[in-house]
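In what follows, a structure is listed as structure tokens, so that the remarks can point back to it.
Note: hydrogens, waters and symmetry copies are ignored here, and every other heavy atom, side chains too, is used. It should be emphasised that the depicted structure is a prediction, and the values quoted were computed from it without experimental measurement.
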Amino acid sequence: MKKTQIWVARAKPSQALTLVLAAVPEGWTAELLDLALTVEQQRMFEELKLDPGDAYRLDKV
């Protein structure tokens with residue numbers, strides 16, 4: 001069974017993949033999702049107060 005997690009990273013897209021791959025278990029893959037955030041998602045993202053270079057796994061999507 002394939003397990004999916006959603007992560008956010010405060011970085012350029014090319015750097016975001018590297019940040020997430022460094023955080024997930026060995027052997028996992030990552031891909032960028034090209035989507036627009038809702039107002040609620042944008043607010044949640046801002047509340048995380050990520051510094052540049054931070055990656056964060058979302059528990060509930």
Side-chain angles (χ1 to χ4, degrees):
M1 179 154 92
K2 186 176 179 181
K3 185 172 181 179
T4 301
Q5 294 180 349
I6 303 228
W7 289 69
V8 294
R10 185 168 176 197
K12 294 177 183 177
S14 60
Q15 296 169 329
L17 270 177
T18 301
L19 291 169
V20 171
L21 285 171
V24 298
E26 186 176 333
W28 282 40
T29 60
E31 65 182 272
L32 294 175
L33 298 176
D34 185 16
L35 52 90
L37 296 177
T38 65
V39 173
E40 182 178 308
Q41 289 169 327
Q42 180 66 36
R43 190 174 308 118
M44 185 225 28
F45 185 74
E46 291 169 0
E47 289 173 0
L48 290 174
K49 298 184 185 199
L50 299 176
D51 289 324
D54 284 350
Y56 181 83
R57 181 176 59 94
L58 299 177
D59 290 326
K60 296 180 182 176
V61 180

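In the hydrophobic clustering, where aliphatic and aromatic side chains (Ile, Leu, Val, Met, Phe, Trp, Tyr) are joined below 4.5 Å either directly or transitively, V39 stands alone. Think of L17 as one node in a network of Ile, Leu, Val, Met, Phe, Trp and Tyr side chains linked at under 4.5 Å; its network also takes in L32.
Qualifying side chain to side chain donor-acceptor pair (under 3.5 Å) partners for T38, counting only residues two or more places apart in sequence or in other chains: Q41. Residues satisfying the side chain to side chain donor-acceptor pair (under 3.5 Å) criterion with Q5, sequence neighbours excluded, are W7. Residues that satisfy the side chain to side chain donor-acceptor pair (under 3.5 Å) test with E47, not counting sequence neighbours, are absent from this structure.
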Let me see the working for M44 and L58 under side-chain contact (heavy atoms from CB on, under 4.5 Å), right down to the final yes or no.
CA-CA 10 Å; M44 185 225 28; L58 299 177; 3.9 Å; yes

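Nearest heavy-atom pair across A9 and A16 is CB-CB, 3.8 Å.
F45 is connected to L35 through a chain of hydrophobic side-chain contacts under 4.5 Å among Ile, Leu, Val, Met, Phe, Trp and Tyr, so both are in one cluster.
When each of L19, V8, I6 is checked for a side chain to side chain contact (heavy atoms under 4.5 Å, CB included) with Y56, only V8 meets the rule.
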